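Here the structure is a predicted model, which is why all the values come from computation and not from measurement. Within every chain, numbering begins at 1; the chains are lettered A, B, ... in the order of the sequence lines, protein sequences first and strands thereafter.
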Protein chains: 2
Amino acid sequence: MIGEHIRALRESNDVLLRQLAAQLEIDQAMLSKMERSERSFKREHIDVLAKIFKQPKKDLLTMWLADKILKTAKSEKFTKEALRLAIDNV
Amino acid sequence: MIGEHIRALRESNDVLLRQLAAQLEIDQAMLSKMERSERSFKREHIDVLAKIFKQPKKDLLTMWLADKILKTAKSEKFTKEALRLAIDNV
DNA sequence: TTAAATTGTCCAAAATTTGTCAAGTCTTTT
DNA sequence: AAAAGACTTGACAAATTTTGGACAATTTAA
């Protein structure tokens, strides 16, 4: 989710994987995986990305967190119910 | 959340920490912490607890998962937004 | 006082996450 | 056809985090 979004931003700005990876100070193989949701972005990456692509930090952060949440929740049954219950208890 | 619930069940059934801990095969100090949400129940504990207290497994499991979710989400900003977004992407 | 529960701390084991690399595909150039 | 550029893949080691459990010392309440 955040991955696809970053990829879209990167491509529409004609930035190469290798270039963005350099800005994030990570290996390009890693970024490739991150964009395809095989690995996760770090919290700090989000700030950098928001700056680079001039996106509202809130949006990226929300997506990033939603991914994180789904990762922990999705392996279990009753995910939706649990998410709803979680919202009620924030 | 699941902790308080288990505690309520335990007390209303007049079961001692030490007794329930024995049934779960864990240290009583650990169960004490679990009921106060200082530690987490294991997934397997939920099945045992549902049996012991004759509760629908689904309810306990949902609470347990909601706790797990909140644990990963609650440290960040925009938790609610992220939870909503997560629901939309299940 | 005794029983019940809580607290604090430490440790080991397990699980997750990270990084790196070499090799692989695919597409475009020359 | 060969080369070059962009990206992907898988495997593996290293690092970090999370977790669980033990136990002693306290606190709380009957």
Side-chain angles (χ1 to χ4, degrees), chain A residues 1-49 52-53 60-61 63-76 79 82 86, chain B residues 1-49 52-53 60-61 63-76 79 82 86:
Chain A
M1 164 163 221
I2 181 79
E4 308 146 32
H5 194 244
I6 296 301
R7 169 151 298 188
L9 286 170
R10 178 174 65 77
E11 293 184 335
S12 71
N13 282 80
D14 285 302
V15 177
L16 299 180
L17 254 192
R18 142 165 65 82
Q19 300 174 318
L20 184 54
Q23 296 192 76
L24 294 175
E25 302 184 89
I26 59 179
D27 192 299
Q28 114 165 29
M30 194 78 50
L31 181 55
S32 166
K33 289 172 188 173
M34 288 168 170
E35 286 188 346
R36 285 170 299 104
S37 308
E38 205 184 297
R39 296 286 177 103
S40 308
F41 286 94
K42 287 196 181 175
R43 171 67 184 72
E44 310 89 67
H45 291 151
I46 303 302
D47 300 276
V48 181
L49 291 167
I52 292 176
F53 295 118
L60 296 188
L61 218 44
M63 277 188 230
W64 173 79
L65 186 51
D67 273 353
K68 207 170 142 195
I69 290 168
L70 283 175
K71 189 177 172 189
T72 80
K74 240 192 41 199
S75 54
E76 302 286 343
T79 304
Chain B
M1 166 163 219
I2 181 78
E4 309 145 30
H5 195 244
I6 296 301
R7 168 151 300 186
L9 285 170
R10 179 174 64 77
E11 293 183 334
S12 72
N13 281 81
D14 286 303
V15 178
L16 298 180
L17 255 191
R18 147 164 63 81
Q19 300 174 319
L20 185 55
Q23 295 190 77
L24 294 174
E25 303 184 88
I26 58 178
D27 190 300
Q28 113 166 31
M30 193 78 50
L31 180 55
S32 166
K33 289 173 187 176
M34 288 169 169
E35 286 188 347
R36 285 170 298 105
S37 308
E38 206 184 295
R39 295 290 178 97
S40 309
F41 286 93
K42 284 193 181 177
R43 172 68 184 70
E44 310 89 70
H45 291 151
I46 303 303
D47 300 276
V48 181
L49 291 166
I52 293 176
F53 295 119
L60 296 188
L61 218 44
M63 280 188 229
W64 173 79
L65 185 51
D67 273 353
K68 206 169 140 196
I69 289 168
L70 284 175
K71 188 176 172 190
T72 81
K74 238 193 41 199
S75 54
E76 302 285 344
T79 305

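- At a threshold of 4.5 Å between non-hydrogen side-chain atoms, the residues B:Leu24 and B:Lys42 do not count as touching.
- Judged purely by atom type and a 3.5 angstrom limit, A:Glu4 uses its side chain to pair as donor or acceptor with the backbone of A:Met1.
- Proximity of B:Gln28 to B:Leu20: side-chain heavy atoms (C-beta onward) are nowhere separated by under 4.5 Å.
- B:Glu76 has its side chain out of reach of B:Thr72: every pair of non-hydrogen atoms, C-beta onward, lies at least 4.5 Å apart.
- Contact check for B:Leu17 versus B:Glu35: side-chain heavy atoms found under the 4.5 Å cut-off.
- Looking only at side-chain heavy atoms (C-beta outward), B:Leu49 and B:Phe41 come within less than 4.5 Å of each other.
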Would you list the protein and nucleotides 2-5 of chain C atom pairs, both N or O, that sit under 3.5 Å from each other?
| unit_1 | atom_1 | unit_2 | atom_2 | d |
| --- | --- | --- | --- | --- |
| C:dA4 | OP1 | B:Arg18 | NH2 | 3.1 |
| C:dA4 | OP2 | B:Arg18 | NH2 | 2.0 |
| C:dA5 | OP1 | B:Arg10 | NH1 | 3.3 |
| C:dA5 | OP2 | B:Leu17 | N | 3.0 |
| C:dA5 | N7 | B:Gln28 | NE2 | 3.3 |

Per-nucleotide protein contact along nucleotides 14-21 of chain C, 5' to 3', at a 4.0 Å heavy-atom cut-off (B base, S sugar-phosphate only, - neither), is ---SBBBB
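- Looking at A:Asp27, its side chain does come within 3.5 Å of a backbone N or O of A:Ala29 through a donor-acceptor pair.
- Panel note: side chain B:Trp64, backbone B:Ile46; no donor-acceptor pair is recorded below 3.5 Å.
- In this structure, B:Glu35 places its CD atom 12 Å from C1' of C:dT6, rounding to the nearest Å.
- Atom pair A:Gln19:CD and D:dG5:C1' shows a separation of 12 Å (rounding to whole Å applied).
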